[in-house]
Amino acid sequence: MQKVLILNGPNLNMLGTREPEVYGSLNLAEIQAICETKAGALNLVCEFVQSNDEAVLVAAVQQAVIENLPVIINPAAFTHYSYGLRDACAQHTAPMIEIHLSNPHKRESFRRNSVVSDVVDGTIAGFGANSYVLALEAIAEMIKTQ
Ligand code: DQA
């Protein structure tokens, strides 16, 4: 089965209690369980990683590049300023989708810029935990048509 890497950036380990009015009430383990079920239904298997450390995320993206793995990434705050993560994402060799739980365009002005959007295949934002599910569906379609 095709593996998909799902990467989660800083503070996403706090989901559930972190600003639930913005990010919803599910914690990351619950979102992971939803992703695993959805991935199985799509004949995919997902590996779920969360880190507050930029270097860990860069290394994970580099490994996905080497292994030619599709990636779904919620870069969280790194979205807005991490050129290191952007440069790692720019090397992607398989489908890569940026996701956000919230819609950053409806929020503070600093969130309106993503430094990764123009180096990934697409962005899904604003659908809560469903952003992850929609990204898995998009990845499955992209793999089919590759
Ligand atoms: C986020 C949006 C980012 O602006 C924010 O820094 C996050 C989460 C989202 O999923 O909505 O931590 O990526």
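Residue indices begin at 1 and follow the sequence shown. Whatever order the structure lists ligands and atoms in, that order sets their numbers, starting from 1. Keep in mind it's a predicted model, so treat the numbers as computed, not measured.
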Within a strict 4.5 Å, meaning less than it, do heavy atoms of the [X] and [Y] side chains meet?
X      : Y      : answer
Val4   : Glu47  : no
Val116 : Arg86  : yes
Ile97  : Ile139 : yes

Q.
Is the ring pair His100/His80 parallel, tilted or perpendicular, if the boundaries are 30 and 60 degrees?
A. parallel
Among all protein heavy atoms in this structure, tell me which lies nearest to [atom], with the distance rounded to 0.1 Å.
atom                    : answer
atom 8 (C) of ligand 1  : Tyr23 CE2, 3.5 Å
atom 11 (O) of ligand 1 : Ser102 OG, 2.6 Å
atom 1 (C) of ligand 1  : His100 ND1, 3.7 Å
atom 9 (C) of ligand 1  : Leu101 N, 3.4 Å
atom 4 (O) of ligand 1  : His80 NE2, 2.7 Å
atom 5 (C) of ligand 1  : Arg111 NH1, 3.3 Å

Output for pair (Leu101 CG, Ile124 CD1), nearest 0.5 Å, gives 12.0 Å
Side chain or backbone, does Ile99 bring an N or O within less than 3.5 Å of an N or O on ligand 1?
no
Distance only, no hydrogens: is a donor on one side chain within 3.5 Å (strictly under) of an acceptor on the other, for Glu98 and Thr79? no
Item to check | contact_flag Asn11 ligand 1 heavy-atom lt 4.0 Å | outcome: no
At under 4.0 Å between heavy atoms, what of Arg18 touches ligand 1? The answer is side chain
- Task: Examine Phe78 and Leu28 and state if one hydrophobic cluster contains both, with Ile, Leu, Val, Met, Phe, Trp and Tyr joined whenever side-chain heavy atoms are less than 4.5 Å apart.
- Result: no
